[in-house]
Amino acid sequence: MRFLIALLAWTAVCLPGQALAWGQEGHSIIAEIAQRRLSPKAAAAVQSVLGSGSLASVSTWPDDVRSSRPTTSGWHFADIPIDSRDYNPQRDCKPDPAKGDCIVAELERLRTELICGSDEQKLEALMFAVHFVGDIHQPLHTVLEQGGGNGIDVKMTVHGLTCTMDCELQTNFHRAWDSDLIHRTVFSWGTYVDRLETGWLKSAEARKKGIDGGKPADWVVETHQYAQKVWHLLAPDRVLDDNYFNQVLPVMDRQLGVGGLRLARFLNETFAAPRCPSR
C-alpha cells in the first residue's frame, strides 16, 4: 500500500499535466479547508488510506493521469449550455465509451467506492473525490460552449493584489479561472486559505445552515449560475482587467470556500456510514 501511494504521488509530480481544472493552488486551497474540518472518524479513515499524506498533496492527481486514462476525462465536467438554468442528465451527462459520463455521476459513485473498495480502490476514490468536489465548484467546468472557455483566447492585464509591473498575460478564459486569477490574488495557496479563514468562511453566508449540504446535482446547478455571471462579464475585447477581477473575486472566494466546506461534509458523511451500502 505504501508503495502504491508513493508511485501515485510520483506520477502526479513527474508526468506532464494539462490545464484542466482549478490549478494546483485552487485544489490545494479547497483540500486544506476540508482537512481542517474532518470529523475524527473521517480524519482517521483518510489517514488509513493516505498514511502521512494530506488531502492537498493528492488533490491534482486526477489531472496528471487524465491523458493516460482518457475514460476518466468526462468526469471533470458537466457540459451545460451557458444560458440553461438547469442540469439535465440526459443532455449534460451522456455516457461516452471514450471519455466516461460526467462529474455529477462520478461523485455519486465515489461515495460507495470510498467505503466498499479494496485498499487500492479506496486510495483512487479518495483522490478522485478530493479533486472532483473541487472541479464542480470551478464555474467554467459547468459550461458547454468553447470547451468551458478553453477556446476563448483572452489577454489579462489584471494587477490584482500581487502584480505591480509587466502584468500582461496571454492566456485563455478557462485557464484564467483555473489558476491565473488566483495567482493575481496571493503569492501562495496557503495565504489564500488564511484569507478565506478570516474572510468568506466567517461570513454570514458561510455560517448559514446547510451551506455545505446538497448533492452534486445541486452543486452543479448553483455553480452554473455563477458561471453565467463571470461568462457574461467578459468584455467583447476579451481583456480581463482589474475591473473584471474586482467583480469576480467575490465569486472566486465563495467557490473556493464553499468547495472546501462541501468536501469536508462529503467525506464526513461518507465515512460515517456504518457499513457498505448495497450496490
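Note that the structure is predicted; figures quoted are calculated from it, not measured.
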Would you sort out whether Gln121 and Leu114 count as a side chain to side chain contact (heavy atoms under 4.5 Å, CB included), showing the intermediate values? CA-CA 7 Å; Gln121 289 170 333; Leu114 276 168; over 6 Å; no
Given side chain to side chain contact (heavy atoms under 4.5 Å, CB included), test Val221 with Asp86 step by step and report yes or no. CA-CA 6 Å; Val221 170; Asp86 64 352; 5.5 Å; no
Please step through salt bridge (charged side-chain N to carboxylate O under 4.0 Å, His left out) for the pair Lys122 and Glu113, ending with a clear verdict. CA-CA 6 Å; Lys122 288 179 180 178; Glu113 293 173 18; over 6 Å; no
Applying side chain to side chain contact (heavy atoms under 4.5 Å, CB included) to Asp101 and Asp96, what does each step give before you reach the verdict? CA-CA 6 Å; Asp101 42 26; Asp96 184 320; over 6 Å; no
Checking side chain to side chain donor-acceptor pair (under 3.5 Å) for the pair Thr223/Gln138: CA distance, chi angles, key distance, verdict? CA-CA 7 Å; Thr223 298; Gln138 204 277 47; over 6 Å; no
Take Arg109 and Glu106 through the test salt bridge (charged side-chain N to carboxylate O under 4.0 Å, His left out) and record every step on the way to the result. CA-CA 5 Å; Arg109 290 189 293 264; Glu106 175 58 10; 2.9 Å; yes
Can Leu196 and Asp253 be said to form a side chain to side chain contact (heavy atoms under 4.5 Å, CB included), step by step? CA-CA 7 Å; Leu196 293 177; Asp253 284 349; 3.8 Å; yes
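With sequence neighbours excluded, the residues forming a ring pair (Phe, Tyr, Trp, His ring centres under 6.0 Å) with Phe132 are His76, Phe128, listed by chain and number.
For the residue pair Asp180 / His174, no side-chain donor-acceptor distance below 3.5 Å is found, with atom types taken as modelled. Between the side chains of Arg91 and Ser84, at least one donor N or O lies within less than 3.5 Å of an accepting N or O. Judged purely by distance below 3.5 Å, without hydrogens or angles, the side chains of His137 and Arg262 pair a donor atom with an acceptor atom. A donor-acceptor contact closer than 3.5 angstrom is absent between the side chains of His27 and Ser59. Counting only N and O atoms by type, the side chains of Tyr87 and Asp218 include no donor and acceptor under 3.5 Å apart.
The two atoms that bring Val230 and Pro139 nearest to each other are CG2-CB, 4.2 Å, heavy atoms only. Nearest approach of Val158 to Leu240, heavy atoms of both residues: CG2-O, 3.3 Å. Residues Val104 and Ile136 share a closest heavy-atom pair of CG2-CD1, 4.3 Å. Taking each heavy atom of Asn268 and Ala42 in turn, the nearest pair found is OD1-CB, 3.2 Å. Closest approach of Leu201 and Glu197 over heavy atoms only: CD1-OE1, 3.6 Å. Considering every non-hydrogen atom in both Gln35 and Leu55, the closest pair reads OE1-N, 2.9 Å.
For Glu269, the CD atom is densely surrounded, since the number of other residues' heavy atoms within 6.0 Å is greater than 12. Counting non-hydrogen atoms of other residues, nucleotides and ligands closer than 6.0 Å to NZ of Lys41 gives a total above 12.
Here CZ of Arg111 is found 9.0 Å from CG of Leu267. Values are rounded to the nearest 0.5 Å. From Tyr192, atom OH reaches atom CD1 of Ile33 across 9.5 Å, with rounding to the nearest 0.5 Å. For the atom pair CH2 of Trp189 and CD1 of Ile29, the computed distance is 8.0 Å after rounding to the nearest 0.5 Å. One finds the CD1 atom of Ile103 at 4.5 Å from the CG atom of Asp135 (value rounded to the nearest 0.5 Å). Atom-to-atom distance recorded for Arg175:CZ and Asp153:CG is 9.0 Å, nearest 0.5 angstrom. Annotation: the span from His141 atom NE2 to Cys102 atom SG amounts to 13.0 Å, rounded to 0.5 Å.
Looking at Ser28, its side chain never comes within 3.5 Å of a backbone N or O of Glu25 through a donor-acceptor pair. Of the possible donor and acceptor atoms, one in the side chain of Thr162 sits under 3.5 Å from a partner among the backbone N and O of His183. Proximity of a side-chain donor or acceptor of Asn150 to a complementary backbone N or O of Gly147 within less than 3.5 Å is detected. In this structure, Ser203 contributes its side chain and Gly199 its backbone to no donor-acceptor pair below 3.5 Å. Looking only at distances, a side-chain donor or acceptor of His224 sits under 3.5 Å from a matching main-chain atom of Ile82. Between the side chain of Gln170 and the backbone N or O of Lys155, no donor-acceptor pair lies under 3.5 Å. With Gln24 contributing its side chain and Thr60 its backbone, the two residues share no donor-acceptor pair below 3.5 Å. Trp22 contributes a side-chain N or O that, together with a main-chain N or O of Gly134, makes up a donor-acceptor pair within less than 3.5 Å. Without hydrogens or angle criteria, Arg37 side chain to Glu32 main chain gives no donor-acceptor distance under 3.5 Å.
Ring centers of Trp61 and His131: at least 6.0 Å apart, outside the cut-off.
For residues 237-246, the side chain to side chain donor-acceptor pair (under 3.5 Å) pairs, not counting sequence neighbours, are His159-Asp242, Trp177-Tyr244.
Between Asn172 and Ile152, every side-chain heavy-atom pair lies at or beyond the 4.5 Å cut-off. Between Phe266 and Asp212, the closest side-chain pair of non-hydrogen atoms is not below 4.5 Å. Within the 4.5 Å cutoff, no side-chain heavy atoms of Val143 are placed close to those of Ile80. No side-chain heavy atom of Val58 sits under 4.5 Å from any side-chain heavy atom of Leu126. Using a 4.5 Å cut-off on side-chain heavy atoms (C-beta onward), Asp79 and Thr142 make no contact. Looking at heavy atoms from C-beta onward, Val258 lies in side-chain contact with Trp200 at the 4.5 angstrom threshold. Within the 4.5 Å cutoff, side-chain heavy atoms of Leu256 are placed close to those of Met252. A 4.5 Å side-chain heavy-atom check between Leu169 and Cys163 finds every atom pair outside the cut-off.
Hydrophobic clustering (ILVMFWY, side-chain heavy atoms < 4.5 Å, transitive): Phe173 and Val239 are in distinct clusters. Using a 4.5 Å cut-off between side-chain heavy atoms of Ile, Leu, Val, Met, Phe, Trp and Tyr, with links allowed through other members, Leu144 and Leu140 fall into different hydrophobic clusters. A continuous path of Ile, Leu, Val, Met, Phe, Trp and Tyr side chains, each step under 4.5 Å between heavy atoms, connects Leu233 with Trp231, placing both in one hydrophobic cluster.
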